[in-house]
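Computed from a predicted model, the values in this text were never measured in an experiment.
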Amino acid sequence: MKKKTIKHLRPSWDEYFMSIADQVSTRATCDRGRSGCVIVRDKQILVTGYVGSPIGLPHCDDVGHLMKKVIHDDGSESQHCVRTVHAEQNAICQAARLGISLTGSTLYCRMTPCRTCAMLIINCGIVRVVCEMKYHAGKESEVMFRQAGIKLEYVSHETVKYDKQ
């Protein structure tokens with residue numbers, strides 16, 4: 001009896017790098033947003049980053065969250081853990097520590113970068129951002145990316161939800 005072979009399907013470059021970002025997220029130390037980031041240029045990984053406390057400071061997973069309430073212009077409130085540095089910020093810091101230029105690169109991440117991350121992404125010369133999903137407060141970042149000419153793409157248009165959002 002002849003054995004049927006199944007053809008191996010190679011992932012696209014975007015699928016490949018997004019899966020690596022997902023693996024990087026397993027190192028994250030805040031269970032509210034285990035997120036990872038990979039920054040790539042010319043199909044080569046430059047740096048990675050994950051959500052975690054600054055070097056030498058306690059992690060959410062060890063001591064709990066450091067929650068802050070944010071009151072928005074429309075009067076609505078949301079809760080944010082401020083103990084950790086975002087995955088995108090950590091990847092950009094890693095590039096700075098290693099002297100790696102990010103000009104012309106693509107960033108892969110879990111969700112739409114926050115406003116602060118978006119400003120850093122714009123200023124360090126990243127030209128494309130690929131997100132697994134949308135961030136509930138990502139509209140401002142989307143506008144800034146459009147104005148700056150940064151290509152923003154989503155794998156899914158589903159919005160990430162958090163407890164105590």
Arg34 and Asp61 ion-paired at < 4.0 Å: yes
Atom [atom1] of [X] and atom [atom2] of [Y]: how far apart are they, to the nearest 0.5 Å?
X: Arg41; Y: Leu107; atom1: CZ; atom2: CG; result: 13.0 Å
X: Ser105; Y: Arg128; atom1: OG; atom2: CZ; result: 11.0 Å
X: Thr112; Y: Phe145; atom1: OG1; atom2: CZ; result: 8.5 Å
X: Arg83; Y: Cys30; atom1: CZ; atom2: SG; result: 9.0 Å
X: Ile121; Y: Ile126; atom1: CD1; atom2: CD1; result: 5.5 Å
X: Ile92; Y: His86; atom1: CD1; atom2: NE2; result: 12.0 Å

Verdict with reasoning, Asp31 to His65, per side-chain contact (heavy atoms from CB on, under 4.5 Å): CA-CA 9 Å; Asp31 66 2; His65 300 290; 2.8 Å; yes
Give the cluster check for [X] versus [Y]: same hydrophobic cluster or not, with ILVMFWY residues linked at side-chain heavy-atom distances below 4.5 Å.
X: Val85; Y: Leu57; answer: no
X: Val24; Y: Phe17; answer: yes
X: Val63; Y: Leu66; answer: no
X: Val130; Y: Leu102; answer: no
X: Val38; Y: Val155; answer: yes

Near [X] [atom1], under 6.0 Å, is it more than 12 heavy atoms from other residues, nucleotides or ligands?
X: Asp42; atom1: CG; result: no
X: Asp73; atom1: CG; result: no
X: Arg27; atom1: CZ; result: no
X: Leu98; atom1: CG; result: yes

Minimum heavy-atom distance Cys109-Val129, with the two atoms named: SG-CG1, 4.2 Å
Taking every non-hydrogen atom, the tightest pair across Cys131 and Leu152: SG-CD1, 3.7 Å
Quick check: do [X] and [Y] have side-chain heavy atoms less than 4.5 Å from each other?
X: Thr116; Y: Gln89; value: yes
X: Thr84; Y: Cys60; value: yes
X: Asp14; Y: Glu153; value: yes
X: Tyr16; Y: Pro11; value: yes
X: Glu132; Y: Met18; value: yes
X: Met67; Y: Arg32; value: yes
X: Thr106; Y: Tyr108; value: yes
X: Ile20; Y: Ile45; value: yes

Audit row: Val160, Arg110, side-chain contact (heavy atoms from CB on, under 4.5 Å) steps and yes/no: CA-CA 9 Å; Val160 176; Arg110 182 167 182 239; 4.2 Å; yes
Full working for side-chain contact (heavy atoms from CB on, under 4.5 Å) between Val51 and Thr29: CA-CA 6 Å; Val51 173; Thr29 62; 5.7 Å; no
Aromatic ring pairing His80/His136, orientation class (parallel under 30°, perpendicular over 60°, tilted between): parallel
Cation-pi geometry met for Lys134 and Tyr154 (6.0 Å, 45°): yes
Side-chain (Ser53) to main-chain (Pro58) donor-acceptor, under 3.5 angstrom: yes
Backbone N/O of Pro113 and side chain of Ser141: donor-acceptor pair under 3.5 Å: yes
With sequence neighbours excluded, residues passing side chain to side chain donor-acceptor pair (under 3.5 Å) with Lys139: none
Candidate pair Cys37 and Tyr50, rule side-chain contact (heavy atoms from CB on, under 4.5 Å), full reasoning: CA-CA 6 Å; Cys37 172; Tyr50 54 85; over 6 Å; no
